[in-house]
A.B. asks: 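Submitted below is the structure of interest, expressed as structure tokens.
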Amino acid sequence: MVNEKAKKQIRATVQLIPSGCVASYGQIADLAGLPGRARLVGKCLQVEGTQPLPWYRVLRSDGKIAFPPGSEFAKEQRSRLLEEGVDVRNNRVSLKQFGWTPELHALLHDLRF
DNA sequence: CACATGACGCGTG
DNA sequence: ACACGCGCCATGT
């Protein structure tokens, strides 16, 4: 899947998401130095999903869980987020709770590679 | 090689 | 909120 470089960048970035926060596939792609490649992030998580990554903190840009409502994956993601105190209602997190303040975003951007 | 299919995103209507 | 269209890219027919 993809080149090893992109894979590592994506994994590293996903691990930066603090507990209790969430990010979108697009944000992860940007921070990983892969602007416009949100799909690649999803693909990568699908393959690397079994590894110790907080994959459940990644949502669509509109705050919705990417899996079909009611599916096992969606249920697991929901419960994991709830455990961290993230409010999930109707398969979505309010954008207000994205947790990526401009400050945090800038910090992560500076830390990047 | 031509298409179709996604853990996507953004602009429009 | 819903539906398209288009851009994006790895994978599979």
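It should be emphasised that the depicted structure is a prediction, and the values quoted were computed from it without experimental measurement. Proteins get letters first, then strands, A, B, ... in listed order; numbering begins at 1 in each.
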A.B. asks: How many Å lie between CZ on A:R60 and P on B:dG11, as a whole number?
C.D. replies: 17 Å

A.B. asks: Looking only at atom types and distance, does a side-chain atom of A:Q77 sit under 3.5 Å from a main-chain N or O of A:V58, one as donor and one as acceptor?
C.D. replies: yes

A.B. asks: Just one of A:R80, A:E76, A:E84 clears the side-chain hydrogen bond (donor to acceptor under 3.5 Å, both in side chains) bar with A:Y56, so which one?
C.D. replies: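 With A:Y56 as partner, side-chain hydrogen bond (donor to acceptor under 3.5 Å, both in side chains) holds for just one option, A:E84.
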
A.B. asks: For the side chain of A:A66, starting at C-beta, report the closest nucleotide among B:dA7, B:dG9, C:dC9.
C.D. replies: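 Looking only at side-chain atoms, A:A66 lies closest to B:dA7.
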
A.B. asks: It should be established whether A:S24 places a side-chain nitrogen or oxygen under 4.0 Å from OP1 or OP2 of nucleotide B:dC8.
C.D. replies: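 No, because none of the side-chain N or O atoms of A:S24 sits under 4.0 Å from OP1 or OP2 of B:dC8.
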
A.B. asks: How long is the line joining CD of A:Q46 and C1' of C:dC9, in whole Å?
C.D. replies: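 Rounding to the nearest Å, CD of A:Q46 and C1' of C:dC9 are 13 Å apart.
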
A.B. asks: Closer than 4.0 Å, any side-chain N/O of A:R39 to the OP1 or OP2 of C:dT11?
C.D. replies: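 Looking at the OP1 and OP2 atoms of C:dT11, neither is under 4.0 Å from any side-chain N or O of A:R39.
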
A.B. asks: Under 4.0 Å: is that the gap between some side-chain N or O of A:R37 and OP1 or OP2 of C:dC8?
C.D. replies: no

A.B. asks: Figure out the CD1/C1' separation between A:I10 and C:dA10, and round it to whole Å.
C.D. replies: 11 Å

A.B. asks: Taking atom P of C:dC2 as reference, at what distance in whole Å does atom CG of A:N91 sit?
C.D. replies: 12 Å

A.B. asks: What is the separation between atom CG on A:L40 and atom C1' on C:dC8, rounded to the nearest whole Å?
C.D. replies: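 The answer, rounded to whole Å, is 9 Å.
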
A.B. asks: Over 60° means perpendicular and under 30° means parallel, so tell me whether A:F67 and A:F73 are parallel, tilted or perpendicular.
C.D. replies: parallel

A.B. asks: Which is true for A:R57 with a 4.0 Å heavy-atom rule: it touches a base, it touches only sugar-phosphate, or it touches nothing?
C.D. replies: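 Touches nothing.
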
A.B. asks: Side chain to side chain contact (heavy atoms under 4.5 Å, CB included) between A:R11 and A:L53: does it pass, once the steps are laid out?
C.D. replies: CA-CA 7 Å; A:R11 277 212 308 265; A:L53 285 176; 3.7 Å; yes

